[in-house]
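Side chains included, hydrogens not; waters and symmetry mates left out as well; all remaining heavy atoms used. Counting from 1, the numbers follow the sequence of the chain as shown.
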Amino acid sequence: MKKMLVANWKLNPENVDLAVALAKLEDKKQVIICPPTPYLSAVGNVIKRAKLGAQDAFWEKEGPYTGNTSPTHIKSVGAKYVILGHSERRNILQEGDDAINQKVEASLKSGLQVILCIGEDLDSHQRGEKQTKLFITDQIIRGFKNIKWKDLRNIAIAYEPVWAISTSGSGLKDAPEESIKIIQFIKDFLRERYMLKKPVVLYGGSINSKNAENYLINDLIDGVLIGGASLDAKEFNKIIKICLER
Ligand code: PGA
């Protein structure tokens, strides 16, 4: 399987012109560009090789839900993917597993491919591997609740240890062999519990052009979700090059 490179721009860049310029520079195969919602159309209009993704979607299609964006809105402007359950939404906006589960269900129903973020917090990490595994399996079980098996195949898991994300403030760095061990565990879990033959699991957490190879070299990792480094086209293109060489 070709590796996925998900560019999670978060709340950047500052305006639509900068977003369009950045998208043109990152418009490569295997790349999924996830700009802020207001830029989806403009970015979608200029990319030819990359795919378009959103950073979140609400669970209702339409109705009295001020400020939200539905999976059908996202789809209607050309997005094929949606990131759900990102740790910044879980932590800053107190988004819980039930809400995330509803978003997963609604997004899949609308035909979007879901990138479901999971990952242990610093406390669980410090309590050791057993607690880390409990934490992430719990997130998967809750996120997958009531989703039909045929739809589960349209979910890619992004394993992002929260403490390893560049903006987490922990100052800690993940070791590739540690995350690869957890990714193996996640894949085994998805195969055994959900009968998924080919579970797709990405890694995210301070990926840059210097460490990308350590992750992308491993066949277990189906791609990477990149925050900070995706805002720098030069840096991001170095990562694309590493990916294409694999
Ligand atoms: P980072 O962000 O690459 O800046 O660590 C990853 C993420 O939060 O998705």
Side chain of [X], backbone of [Y]: donor and acceptor closer than 3.5 Å?
| X | Y | answer |
| --- | --- | --- |
| T132 | G128 | yes |
| W149 | Y194 | yes |
| S166 | S206 | no |
| S230 | G227 | yes |
| R90 | C117 | yes |
| N91 | S87 | yes |
| D123 | Q126 | no |

Next on the checklist: Let me confirm one number: the CG-NZ distance from N237 to K241, rounded to the nearest 0.5 Å.
Outcome noted: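 Here the interatomic distance stands at 10.5 Å.
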Checklist entry - Between OG1 of T167 and CD1 of I165, what distance do you get to the nearest 0.5 Å? => result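 It comes to 6.5 Å.
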Next on the checklist: Checking I136 against Q139 for the side-chain contact (heavy atoms from CB on, under 4.5 Å) test, could you report, in this order, the C-alpha distance in whole Å, the side-chain angles of both residues, the deciding distance, and whether it holds?
Outcome noted: CA-CA 5 Å; I136 57 184; Q139 283 183 325; 4.2 Å; yes
Item to check | Under 3.5 Å side-chain donor-acceptor pair for E120 and Y159 | outcome: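 Judged by distance alone, the side chains do pair up.
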Next on the checklist: If we count only N and O atoms by modelled type, under 3.5 Å, do the side chains of D188 and Q184 hold a donor and an acceptor together?
Outcome noted: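 Yes - a donor-acceptor pair under 3.5 Å links their side chains.
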Checklist entry - If we only count heavy atoms from C-beta on, is the L116 to I100 side-chain gap below 4.5 Å? => result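 In short, these two side chains touch, coming nearer than 4.5 Å.
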Item to check | Same apolar cluster: L5 and L244, side chain cutoff 4.5 Å | outcome: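 Yes, L5 connects to L244 through the hydrophobic network.
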Checklist entry - Between K2, K187, K198, K3, which is the residue that forms a side chain to side chain donor-acceptor pair (under 3.5 Å) with D222? => result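 Among the candidates, only K187 passes.
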Next on the checklist: If the threshold is 4.0 Å, N to carboxylate O, is there a salt bridge linking K103 and D56?
Outcome noted: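 Looking at D56 together with K103, the answer is yes, because their closest N to O distance falls below 4.0 Å.
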